[in-house]
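Reviewing the structure listed below.
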Amino acid sequence: MPELPEVETIRRDLKKKIIGKKIIDIRVIQKKSIKNSHTHFIKNLKNNSIENISRKGKLLSFAIKENKSNLLIHLRMTGQLVYYITEKDVKKNTRVIFTFNDNSQLFFNDTRRFGYLQIVNEKEKDVAFAKMGIDILDKSFTFEKLQRLLKNKKRNLKSVLLDQKVIAGIGNIYADEICFDAKFRPDKNITKLNDKEIKKLYNSIIKTIKLAIKNRGTSFNDYVDSSGKKGNFSKLLKVYQKEKDHCQNCHKKSIKKIKVAGRATRYCGYCQK
DNA sequence: CTTCTTGTTACTGA
DNA sequence: ATCAGTAACAAGAA
């Protein structure tokens, strides 16, 4: 599932590949994947070029140079953005294809069709970004900021980590990995966290997300980068999908699987308090 | 066949 | 106002 590290990997790679290129053709294979009318979508993109790619949380925004509009892309669960130097055939899960002036192509693939593409103006893009809480890679995401965000909240840790309106970018995989690294139970009530523990949580969030980016994300089912390659963080997972394994930290207990915040959740009952 | 998987939103009830 | 829980969406794997 694409979370912050996966979306950031795609953003960084795609910037090197498509910035400045002119979109000469757009093929919408699955209408449902586009949030605009077909005409509006094509009109804003055809014969225009991509000036920049930005991201907040799991949402990508491609800035269109000529008309200052933005193409928002959310991959949700199974979305992929795969770039090819030469023209390729449509695959079963291909929903949209962009062709550039050098005949290279960008495929938006999405098996389960939850992801979307949407043309918005600058103001609408700002609103979409503002709706989300702070991005983990934002300079102003400091320990003090996290302290303020957790203040007066009476919720369990995992539901806060997953809440995009509080912190943007964490999904089910990294929520469990962060809790394991910080040695907190995912269902721990955050009102019980003191300053020292919030600092520990902060360090685990930064450490886990940065290490995952360095390893180009996690591929469990569908995620691939813009070259179609899998991420290497899958090998470094300690709890996600490890419920049959022994804990890599204590080597005493096996990883438990429970449900927290409506999601499958894995943790070590011995290490995490 | 059923159950499980997950990002996000909508809704209900406490 | 807050928070927990559930359904919905969709398609495939087990």
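The sequence lines fix the lettering, A, B, ..., with proteins before strands; numbering per chain opens at 1. Note that these values count all heavy atoms, side chains included, but never hydrogens, waters or copies made by symmetry.
Residue A:K165 has no polar side-chain atom (N or O) positioned under 4.0 Å from OP1 or OP2 of B:dG7. Remark: A:Q164 is not in phosphate contact with B:dG7, judged by side-chain N or O atoms under 4.0 Å from OP1 or OP2. Look at A:K32 and you won't find any side-chain N or O under 4.0 angstrom from OP1 or OP2 of C:dC9. A sub-4.0 Å separation between OP1 or OP2 of B:dT8 and a side-chain N or O of A:H74 is present.
With rounding to whole Å, A:M1 atom CE is found 21 Å from C:dC9 atom P. Note: CG (A:L150) to C1' (C:dC3) measures 15 Å, nearest angstrom. Taking atom NZ on A:K131 and atom C1' on B:dA10, their separation rounds to 13 Å, with Å as the unit. The distance between atom CG of A:D222 and atom C1' of C:dA11, rounded to the nearest whole Å, is 10 Å. What separates CD of A:E3 from P of B:dT8 is a distance of 9 Å, to the nearest Å. The distance between atom CG of A:L72 and atom P of B:dT8, rounded to the nearest whole Å, is 13 Å. Rounded to a whole Å, the CG atom of A:L75 is 10 Å from the P atom of B:dT8. For A:K244 and B:dC4, the NZ to P distance is 13 Å, given to the nearest whole Å.
Contacts between residues 113-125 of chain A and DNA chain B, defined by a heavy-atom separation below 4.0 Å, involve A:F114, listed by number.
Listed here is the closest heavy atom pair of A:N156 and A:P186: OD1-O, 3.8 Å. Heavy atoms only, all atoms of each residue included: A:D225 and A:I10 are closest at CA-CG1, 4.4 Å.
In summary, the side chains of A:N121 and A:S69 do not present any donor paired with an acceptor at a separation below 3.5 Å, with no hydrogens or angles considered.
Here the rule is side-chain contact (heavy atoms from CB on, under 4.5 Å) with A:L71, and of A:L117, A:L60, A:I50 only A:L117 fits it.
The ring-ring contact (aromatic ring centres under 6.0 Å, His included) check on A:Y240 picks up A:F220, with sequence neighbours excluded.
Using a 4.0 Å heavy-atom cutoff across all strands shown, A:Y223 reaches no nucleic acid atom at all. Using a 4.0 Å heavy-atom cutoff across all strands shown, A:R95 reaches no nucleic acid atom at all.
Among pairs with a residue in residues 151-187 of chain A, those fulfilling ring-ring contact (aromatic ring centres under 6.0 Å, His included) read A:Y174-A:F233, at least two apart in sequence or across chains. Every pair tested for ring-ring contact (aromatic ring centres under 6.0 Å, His included) that includes a residue from residues 41-67 of chain A fails, sequence neighbours excluded, so the list is empty.
Taking 4.5 Å as the limit, some side-chain heavy atom of A:L161 sits within range of a side-chain heavy atom of A:I205.
With DNA chain C read from its 5' end, the first of the two nearest nucleotides for A:R76 and A:N152 is the one closest to A:N152.
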Sequence neighbours excluded and cut-off under 3.5 Å, please list the side-chain donor-acceptor pairs for residues 208-215 of chain A, or say none.
residue : atom : partner : partner atom : Å
A:T208  : OG1  : A:S204  : O            : 2.6
A:N215  : ND2  : A:L211  : O            : 2.8

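Ion pairing of A:K68 with A:E51 is present here, as a side-chain N (NZ or NE/NH1/NH2) and a carboxylate O approach within less than 4.0 Å.
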Distances under 3.5 Å between nitrogen or oxygen atoms of protein and nucleotides 4-8 of chain C:
residue : atom : partner : partner atom : Å
C:dA4   : OP1  : A:N156  : N            : 3.3

